[in-house]
Enquirer: 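Below are the structure tokens for one structure; questions will follow.
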2 protein chains.
Amino acid sequence: MVSTQYFFAMNDSDALAMIGRLARIVTHDGHAAGLKPAQWEALRYLARANRFSRTPGALTAYLGATKGTVSQTLMALERAGLIRKSADPADRRSVRLELTEAALSLLPRDETLRFEAAMETMNEEERRALRIGLSALLSARIAADGGRPFGLCRECRHFREGERGPGKHLCGLLKEPLSDEDATHICVEHEAA
Amino acid sequence: MVSTQYFFAMNDSDALAMIGRLARIVTHDGHAAGLKPAQWEALRYLARANRFSRTPGALTAYLGATKGTVSQTLMALERAGLIRKSADPADRRSVRLELTEAALSLLPRDETLRFEAAMETMNEEERRALRIGLSALLSARIAADGGRPFGLCRECRHFREGERGPGKHLCGLLKEPLSDEDATHICVEHEAA
DNA sequence: CAATTATGTATCGAGTCGATACTAAAGGAA
DNA sequence: TTCCTTTAGTATCGACTCGATACATAATTG
């Protein structure tokens, strides 16, 4: 493998520098298709979030930004025809967000997908190391900041699998039914089991 | 360990999402001490770069940005008294960059240092995995983009160790003498051995 | 010596993003 | 019910980002 020839990360300081460089590349990738980095982040989030989590507030928590900033990004996306907003019938303060067809057809042009291509050139041991290392680092950092993990139902303490029959689950927190499809998306209310 | 409880990265797509979230945190950290993300990135780079690499051009290559953007960031840093510019006597188009005392005393306030604190809560296996995984990913991605690796002399094909005596090395490319201290900084001209 | 290439700056426009202030709806307590 | 507090989101400001384009100057190449 050529891949480990360039960088010799011997200590945490080197790892920190690599994290910075990685972040830079992601930001740079965010200028694809005439969008901005924050706009791509919002689209990616909405594509992965379950229906309870497709709101400006949840996106704000995910991004760690302020409400005002997220509001502006969402307005830009709405102007561009990439998201639709609708009122939440249960809570009229709240706004539901939905990707449009245009947004769905734009997702394959996400430049950060190039990282998946890069991973394909790595061997299985390196890929496994990446998953373990990133997972541990993110968990530690997000926990230290008091942020939300945004995980899947499968590892959530509120998940009650099959409580309404096969493939029909329940969220114990929101008291809402969950389909198999719901359970494969990330959730703003996620809490580790 | 709590750290691996939150995220279960099963595949490359999950790893990609983690990379995105990591990048977001780094960007957010970049608003410390009244500076902006791009300004912190420039300061961190200049603190790590050897004397051949402390130029606007090298910083542009490192950041993967355009010359104009980097020029503006550097002007903002100069106005803030964090960098000094000086003419390169050998090439009068080129500008040498130097951190001021104020910048050096600001470096400990870099919020991305919190990642080092997060790493300290990880066990040795996780840390090792992080280094290996990040290294492999960055190498692969940067190679795919045709970017420069910005490594250390030790792993550079131009490095001629001790050619001028003990602790006195030589860069075969630039034909310049290198001290031990020079060799511990990253270089824009780095090429893997 | 002319053409080309390289280094860096000037300017523009849409967007970012923290800060602050604001509106409106929900929820709780007396 | 009527306050009061909390929550969800928007409006506006100012400094900065960042790609794009155009430009000036210096080095290099033919």
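Order of the sequence lines sets the chain letters (A, B, ...), proteins ahead of strands, with each chain counted from 1. Since this is a predicted model, take the numbers as computed values, not measurements. Side chains included, hydrogens not; waters and symmetry mates left out as well; all remaining heavy atoms used.
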Enquirer: Show me the pairs that pass ring-ring contact (aromatic ring centres under 6.0 Å, His included) and involve residues 14-55 of chain B, at least two apart or across chains.
Expert: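 Output for this query lists B:Tyr45-B:Tyr62, B:Tyr45-B:Phe150.
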
Enquirer: Is a donor on one side and an acceptor on the other found under 3.5 Å between the side chain of B:Glu120 and the backbone of B:Ala117?
Expert: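 Here the side-chain-to-backbone pair does not exist.
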
Enquirer: Kindly say whether A:Lys36 contributes a backbone atom to a donor-acceptor pair with the side chain of A:Gln39 at under 3.5 angstrom?
Expert: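 Confirmed, A:Gln39 side chain pairs with A:Lys36 backbone.
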
Enquirer: Can you list every pair that meets side-chain hydrogen bond (donor to acceptor under 3.5 Å, both in side chains) and has a residue in residues 97-111 of chain A, with sequence neighbours left out?
Expert: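 Non-adjacent pairs meeting side-chain hydrogen bond (donor to acceptor under 3.5 Å, both in side chains): A:Arg44-A:Asp110, A:Asp110-A:Thr112.
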
Enquirer: Return the polar atom pairs (N/O with N/O) between nucleotides 24-28 of chain D and the protein under 3.5 Å, or none.
Expert:
| residue | atom | partner | partner atom | Å |
| --- | --- | --- | --- | --- |
| D:dA27 | OP1 | B:Arg92 | N | 2.9 |

Enquirer: For residues 104-113 of chain A, which residues have at least one heavy atom under 4.0 Å from DNA chain C?
Expert: none

Enquirer: Categorize B:Arg96 for me: base, sugar-phosphate, or nothing, with a 4.0 angstrom heavy-atom threshold over every strand shown.
Expert: nothing

Enquirer: Pairs of donor and acceptor atoms involving the side chains of residues 161-177 of chain B, under 3.5 Å and at least two apart or interchain, shall be tabulated with distances.
Expert:
| residue | atom | partner | partner atom | Å |
| --- | --- | --- | --- | --- |
| B:His169 | ND1 | B:Gly162 | N | 2.8 |
| B:His169 | NE2 | B:Asp180 | OD1 | 2.6 |
| B:Lys175 | NZ | B:Gly172 | O | 3.0 |

Enquirer: Is it true that a side-chain atom of A:Asp29 and a backbone atom of A:Val26 form a donor plus acceptor pair closer than 3.5 Å?
Expert: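 Not a single qualifying donor-acceptor pair exists.
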
Enquirer: For residues 73-90 of chain A, which side-chain N or O atoms pair as donor and acceptor with protein atoms under 3.5 Å away, sequence neighbours left out?
Expert:
| residue | atom | partner | partner atom | Å |
| --- | --- | --- | --- | --- |
| A:Thr73 | OG1 | A:Thr69 | O | 3.3 |
| A:Asp88 | OD1 | A:Ala90 | N | 2.8 |
| A:Asp88 | OD1 | A:Asp91 | N | 3.4 |
| A:Asp88 | OD2 | A:Arg96 | NE | 3.2 |
| A:Asp88 | OD2 | A:Arg96 | NH2 | 3.0 |

Enquirer: Students should find this one: the first and last nucleotides of DNA chain C, 5' to 3', lying under 4.0 Å from a heavy atom of chain A. What are they?
Expert: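 Nucleotide range with atoms under 4.0 Å of chain A: C:dG15 to C:dA26.
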
Enquirer: Has B:Ser135 got a side-chain atom pairing as donor or acceptor with B:Ile132's backbone, closer than 3.5 angstrom?
Expert: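 Not at all, since once roles are kept as given, no pair shorter than 3.5 Å links the two residues.
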
Enquirer: Just grab all the salt bridge (charged side-chain N to carboxylate O under 4.0 Å, His left out) pairs involving residues 52-64 of chain B, residues at least two apart or on different chains.
Expert: none

Enquirer: Please determine whether residues B:Leu178 and B:Ile186 belong to a single hydrophobic cluster, defined as Ile, Leu, Val, Met, Phe, Trp and Tyr linked transitively by side-chain heavy-atom distances below 4.5 Å.
Expert: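 No.
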
Enquirer: Around atom CZ of A:Arg51, are there more than 12 heavy atoms from other residues, nucleotides or ligands closer than 6.0 Å?
Expert: yes

Enquirer: Using heavy atoms and a sub-4.0 Å distance, could you list which residues of residues 29-48 of chain B are near DNA chain D? By number, please.
Expert: B:Lys36, B:Ala38, B:Gln39

Enquirer: Could you list by number each residue of residues 69-79 of chain A showing a heavy-atom separation from DNA chain D of less than 4.0 Å, or answer none if no residue does?
Expert: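 Result for residues 69-79 of chain A: A:Ser71, A:Gln72, A:Met75, sorted by number.
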
Enquirer: Can you name the side-chain contact (heavy atoms from CB on, under 4.5 Å) partners of B:Thr184, sequence neighbours left out?
Expert: none

Enquirer: Quick check on the hydrophobic clustering: are A:Val188 and A:Phe159 connected, directly or via other members, by side-chain heavy-atom contacts under 4.5 Å?
Expert: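 In one cluster: no.
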
Enquirer: Got more than 12 heavy atoms from elsewhere within 6.0 Å of CZ, A:Arg128?
Expert: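 No, the 6.0 Å shell around CZ holds no more than 12 heavy atoms from other groups.
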
Enquirer: Please identify each residue that fulfils side-chain hydrogen bond (donor to acceptor under 3.5 Å, both in side chains) with A:Arg24, with sequence neighbours left out.
Expert: B:Glu41

